[in-house]
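In listed order, ligands and their atoms are each counted from 1.
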Amino acid sequence: MLSNTKHKWWQSTVFYEIYIASFQDGNGDGVGDFKGLTSRLDYLQDLGVNGLWITPFYPSPKVDNGYDVSDYFNVDPDFGSLADFDHFIEQAHERGIKVIIDIVLNHVSTEHAWFREALVNPESKYRDYFFFQDKSNGWESFFGGSAWQKEPVGIQVYYHKFSPEQADLNWQNRAVRDDMLTVLKFWLDRGVDGFRFDVINFLSCNGIGEENLSDADGRQIHSHDIDQPGIYDCLSDICAYVRDYSERAGKDCFLVGEVGHEELAKLAPYQSDDLLDVVFNFNLGSITHFDIGNVHAQLVAMEDQLSGLPTIFFNSHDMARSISRLCHDNVEHAAALAALTLTAKGVSFLYFGEEIGMPNFIPVSVSEIQDIQAKNHYQLAITDGKTRHQAYDIALEECRDKSRLYMQWNSDEFSGFSTATPWIGKKAPENLPNVDEQIGDSDSLLQWYKNLIVLRRDNMALNFGNYDALSLEQGLLSFSRSWQNQIVHTLINFSDVQQPINHNSSYEVMASKGFNLCEPNYLLPYGTLIIREVRDVC
Ligand code: GLC
């Protein structure tokens with residue numbers, strides 16, 4: 001049940017994640033930017049999404065594509081200027097589109113002034129913004145290898161949960177918290193509608209403690225470096241700051257957290273009235289293969305265990321694209337997944353390109369790989385004695401470039417990123433789906449997404465309704481959600497054989513695929529039927 005009966009704007013918002021470097025190049029330098037993004041707002045409005053999540057755009061050496069911020073108060077010149085940002089916000093708001101921005105609080109780039117000062121002047125207050133020690137412990141980086149790096153000149157080592165160029169902040173130091181609240185204020189003042197907090201449960205609120213445990217295969221379990229004691233207090237301060245600001249400004253900000261867990265029991269505590277509005281439900285979103293039994297079980301578990309709304313998504317910049325990962329590149333299956341994403345209970349998040357069925361992008365050689373995580377794993381594998389071929393396979397497993405190819409607007413070479421080499425370095429494979437070929441085609445995946453998004457936004461039952469029923473039978477997932485006198489029934493056939501259904505012909509068909517009114521008792525493989533029942537209210 002929703003804990004708060006007052007509805008918030010984000011409950012009826014369909015969010016769309018923009019990986020800024022890959023969305024639209026506005027100045028022909030091969031990198032997506034705010035000018036380009038602003039020029040595509042009409043497309044986004046037409047698609048129907050009314051919330052955008054923008055990945056980090058702050059000045060950065062881009063070792064981890066912007067998740068290594070060197071200045072929190074500006075826009076990286078590759079992405080434009082503060083004036084471009086302000087114009088973008090104004091234009092998005094004019095179209096009724098809210099904007100949340102990604103904010104990285106766990107670590108800063110080693111090019112950030114705080115870290116540079118900490119290095120050159122060990123007596124400065126900034127030394128205590130980070131973790132410098134004489135000796136490392138055994139904690140491992142999430143990108144592989146040790147989480148400790150020797151400082152370039154001195155004799156100590158510093159702590160980095162991700163790459164050595166991303167130094168972790170010491171959240172025990174009150175000054176770090178105060179400085180980061182100033183960052184949030186800066187962007188709230190510029191009109192953002194909320195934040196996506198990057199790896200928020202990773203904040204080091206309890207310093208460097210015991211060694212992490214290992215599992216039966218000897219792999220490190222992050223038992224002491226994440227979810228540290230004090231994290232809820234720390235996060236509640238951050239959230240309270242944003243909520244106080246919002247209240248004073250007469251607006252309502254949305255806070256979504258990336259909590260690094262795939263287990264619902266670990267994700268759930270981060271979502272409450274004092275903490276995050278919602279967390280990303282990786283228990284569902286990052287499944288590695290499609291098993292409708294598991295999907296159903298996760299939907300039920302989220303209903304039982306979360307104190308607010310779940311999030312529903314199957315794509316992001318950190319995972320392989322769902323059409324390749326979960327649907328064997330089958331467009332019908334992708335359409336069924338879209339129906340689930342946009343009609344199930346929860347806040348829907350789409351990722352750019354999923355609406356046209358963009359598949360994985362596979363770098364064909366190591367030199368084509370951009371992702372730092374994949375590059376690290378390649379090096380570690382080579383150091384471990386693997387052949388180049390084996391190391392490349394290992395790197396590909398980890399490679400997040402799969403979902404970061406530039407948006408396929410048309411079939412032109414480089415799709416509008418044309419006058420220079422795109423940041424991702426390579427020309428896209430030919431015959432990828434693109435927007436131009438799907439626009440105006442009533443059978444296209446794009447049109448299906450548009451239909452679903454309109455349904456989602458226009459029907460209160462799909463925004464606010466709880467489940468009256470949620471069941472799975474022979475691959476047929478069905479659920480009903482009601483609001484006042486309206487009940488919306490969704491049936492999705494996640495199997496590759498047709499499934500019998502009980503269709504009551506007095507109900508209005510709101511959207512369908514693989515369903516024929518002349519044979520209303522069957523749903524074709526991967527078909528969807530969304531119908532509305534109107535009840536009399538006494
Ligand atoms: C988050 C981001 C990911 C980044 C990491 C380190 O998981 O989504 O892209 O590499 O944080 O900042």
Hey, would you say the F115 and F130 ring centroids sit under 6.0 Å apart?
-> yes
Partners meeting salt bridge (Lys or Arg N to Asp or Glu O under 4.0 Å) with R388 (sequence neighbours left out) | none
At a heavy-atom distance under 4.0 Å, which protein residues reach ligand 1? Sort them by chain and number, would you?
-> D64, Y67, H107, F143, F162, Q166, R196, D198, V199, E258, H317, D318, R400, R404
Excluding sequence neighbours, so at least two apart, what forms side-chain hydrogen bond (donor to acceptor under 3.5 Å, both in side chains) with D168?
-> N106, K161
Does a donor on one side chain and an acceptor on the other come within less than 3.5 Å for Q166 and S163?
-> yes
Return yes if a side-chain donor-acceptor contact under 3.5 Å exists between T55 and D102, otherwise no.
-> no
Quick one: list whatever passes salt bridge (Lys or Arg N to Asp or Glu O under 4.0 Å) with R404, sequence neighbours left out.
-> D318, D371
